[in-house]
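Here is the structure we will look at, set down as structure tokens.
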Protein chains: 2
Amino acid sequence: MTSKKQVPYAALKRIFHEPNRLAIMSALAGASKGCSFTDLRGACALTDGNLSRHLKVLEEEKAVHIEKAFVGVKPRTTATLTDDGRQRFMVYLQALEEVLQAATRAIQSEPPATA
Amino acid sequence: MTSKKQVPYAALKRIFHEPNRLAIMSALAGASKGCSFTDLRGACALTDGNLSRHLKVLEEEKAVHIEKAFVGVKPRTTATLTDDGRQRFMVYLQALEEVLQAATRAIQSEPPATA
DNA sequence: AGAATAGCTTTTTATTGCAAAGTACTTTTT
DNA sequence: AAAAAGTACTTTGCAATAAAAAGCTATTCT
């Protein structure tokens, strides 16, 4: 029976760890006023369907807040980070940094390979 | 049609980006002589089944080399990084670092939330 | 009017992380 | 000697989900 040991990698919550969501979160982290669907799609190089899906996941986790409005006749969806989402993202980033440093140390401690 | 733009997050290859495999790769990166199945299982806090599966994935991708031998009467599986695996892992780590720095910059440039 | 485009959402498909069960042994224990 | 309990893995099966495809709905172009 493998007891659940405390390994730092466990802190890499999937909700943020997925590359595309990491991109979305990063884009939103730098935009206090939020980002429109279209901007995010461009910034993260995502298809409409994927962006929609990822945003919904992030919204369900209450990491982002989605607002739908009309600008003139056109619909506009705007995503912003929630306070909680920002907080949790920072925790994730710290965990990521630790993991990255450990990995970097490990790989640098070894010679590039021999015989 | 969303053209495949060059976004750094694309470099976060899934093969390494999965938390448990990241743990495995990091452990192996620090062990030029390789790690036994049992050691890895302990170091990464994985169940037998999961470790087996992840190792197979890494082996299929030729990122690790698996050697099976008998020590006395007992079987022993030893995993080592391949040169190519090490190389690709370093590329992944560099991408991860860039992504992390971008995210950290973004989140620090914004106030902890208002209104 | 009909076709194309914009801005999304929903559904389908394919992958895969993970737990549980299985295999093939060896080493006790009774 | 037979049964029970380990050890060291592998295989199977399912539930979650990322990505692709298909669907809206409304507007603008021709």
Side-chain angles (χ1 to χ4, degrees), chain A residues 1-5 7 9-25 27 34-61 63-80, chain B residues 1-5 7 9-25 27 34-61 63-80:
Chain A
M1 204 248 293
T2 329
S3 66
K4 276 291 161 220
K5 255 205 318 190
V7 130
Y9 303 86
L12 299 180
K13 302 295 172 148
R14 285 206 192 276
I15 183 188
F16 298 135
H17 198 59
E18 143 68 24
N20 287 326
R21 283 200 294 262
L22 186 44
I24 293 171
M25 288 299 290
C35 272
S36 72
F37 188 95
T38 321
D39 287 350
L40 273 179
R41 187 184 56 193
C44 305
L46 286 167
T47 60
D48 294 5
N50 282 344
L51 178 54
S52 179
R53 200 71 186 57
H54 286 308
L55 280 180
K56 188 183 278 185
V57 170
L58 290 169
E59 189 189 17
E60 275 163 7
E61 287 282 330
V64 311
H65 174 69
I66 303 290
E67 239 181 295
K68 285 151 202 286
F70 276 86
V71 177
V73 299
K74 296 185 171 181
R76 192 181 51 191
T77 298
T78 306
T80 44
Chain B
M1 206 248 293
T2 328
S3 67
K4 278 290 160 217
K5 253 203 319 188
V7 131
Y9 302 86
L12 300 181
K13 302 294 171 149
R14 286 208 189 271
I15 183 189
F16 298 135
H17 198 59
E18 144 68 22
N20 287 326
R21 284 200 293 260
L22 185 44
I24 293 170
M25 289 298 291
C35 271
S36 73
F37 188 94
T38 320
D39 287 350
L40 273 179
R41 187 183 54 193
C44 305
L46 286 167
T47 60
D48 294 6
N50 280 345
L51 178 53
S52 179
R53 191 105 174 32
H54 287 308
L55 280 181
K56 188 181 279 186
V57 170
L58 290 169
E59 190 189 17
E60 275 163 6
E61 286 283 332
V64 311
H65 173 68
I66 304 289
E67 237 180 297
K68 283 151 202 286
F70 275 86
V71 177
V73 299
K74 297 184 172 181
R76 192 181 50 192
T77 297
T78 306
T80 44

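Chain letters run A, B, ... following the sequence lines, proteins first, then strands; residues in each count from 1.
- Across the protein-nucleic acid pair, B:Lys56 atom NZ and D:dA8 atom P stand 19 Å apart, rounded to whole Å.
- Between A:Leu22 and B:Tyr9 there is a side-chain heavy-atom pair separated by less than 4.5 Å.
- Residue B:Ser52 is classed as a base contact, given a heavy-atom separation below 4.0 Å to a base.
- Residues B:Asn20 and B:Leu46 meet the side-chain proximity criterion, which asks for heavy atoms closer than 4.5 Å.
- By the side-chain hydrogen bond (donor to acceptor under 3.5 Å, both in side chains) test, A:Thr38 pairs with no residue at all, sequence neighbours left out.
- A salt bridge links A:Glu18 with B:Arg14: the distance from a Lys NZ or Arg NE/NH1/NH2 to an Asp or Glu carboxylate oxygen falls below 4.0 Å.
- The CG-P distance, from A:Leu40 to C:dC8, rounds to 10 Å in whole Å.
- Taking atom CD on B:Glu67 and atom P on D:dC9, their separation rounds to 13 Å, with Å as the unit.
- If you take CG of A:Asp39 and C1' of C:dA6, they are 14 Å apart, rounded to a whole angstrom.
- Rounded to an integer number of Å, the gap from NZ of A:Lys68 to C1' of C:dT9 is 8 Å.
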Could you list, one pair per line, each protein nitrogen or oxygen that sits under 3.5 Å from a nitrogen or oxygen of nucleotides 15-17 of chain C, together with the distance?
residue, atom, partner, partner atom, Å
C:dG17, OP2, B:Arg21, NH1, 2.4
C:dG17, OP2, B:Arg21, NH2, 3.3
C:dG17, O3', A:Arg14, NH2, 2.9

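- In this structure, the CZ atom of B:Arg76 is 17 Å from the C1' atom of C:dT26, given to the nearest Å.
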For residues 67-76 of chain B, run the donor-acceptor check on the side chains, cut-off 3.5 Å, and write out each pair with its distance to 0.1 Å, sequence neighbours left out.
none

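- Atom CG in B:Leu51 sits roughly 17 Å away from atom P in D:dT7 (whole-Å rounding).
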Candidate pair A:Thr78 and A:Phe37, rule side-chain contact (heavy atoms from CB on, under 4.5 Å), full reasoning: CA-CA 6 Å; A:Thr78 306; A:Phe37 188 95; over 6 Å; no
Do any N or O atoms of the protein come closer than 3.5 Å to N or O atoms of nucleotides 22-29 of chain D, and which pairs are they?
none

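- In terms of phosphate contacts, A:Ser36 brings no side-chain nitrogen or oxygen within less than 4.0 Å of OP1 or OP2 of C:dC8.
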Using a 3.5 Å cut-off and no angle test, enumerate the donor-acceptor pairs between side-chain atoms of residues 50-61 of chain A and protein atoms at least two apart in sequence or in another chain.
residue, atom, partner, partner atom, Å
A:Asn50, ND2, A:Thr47, OG1, 3.4
A:His54, ND1, A:Arg21, NH1, 3.3
A:Glu61, OE1, A:Arg88, NH2, 3.3

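- One atom, CD1 of A:Ile15, and another, P of D:dA16, lie 16 Å apart when rounded to the nearest Å.
- For A:His17, the ring-ring contact (aromatic ring centres under 6.0 Å, His included) criterion is met by A:Tyr92, B:His17, not counting sequence neighbours.
- For the helix from C:dA1-D:dT30 to C:dT30-D:dA1, the rotation axes defined at the first and last 5 base pairs enclose an angle of 20°, given to the nearest 10°.
- The two atoms that bring B:Cys35 and B:Ala27 nearest to each other are SG-O, 4.4 Å, heavy atoms only.
- Taking every heavy atom of both residues into account, A:Gly34 and A:Thr80 meet most closely at CA-CG2, 3.2 Å.
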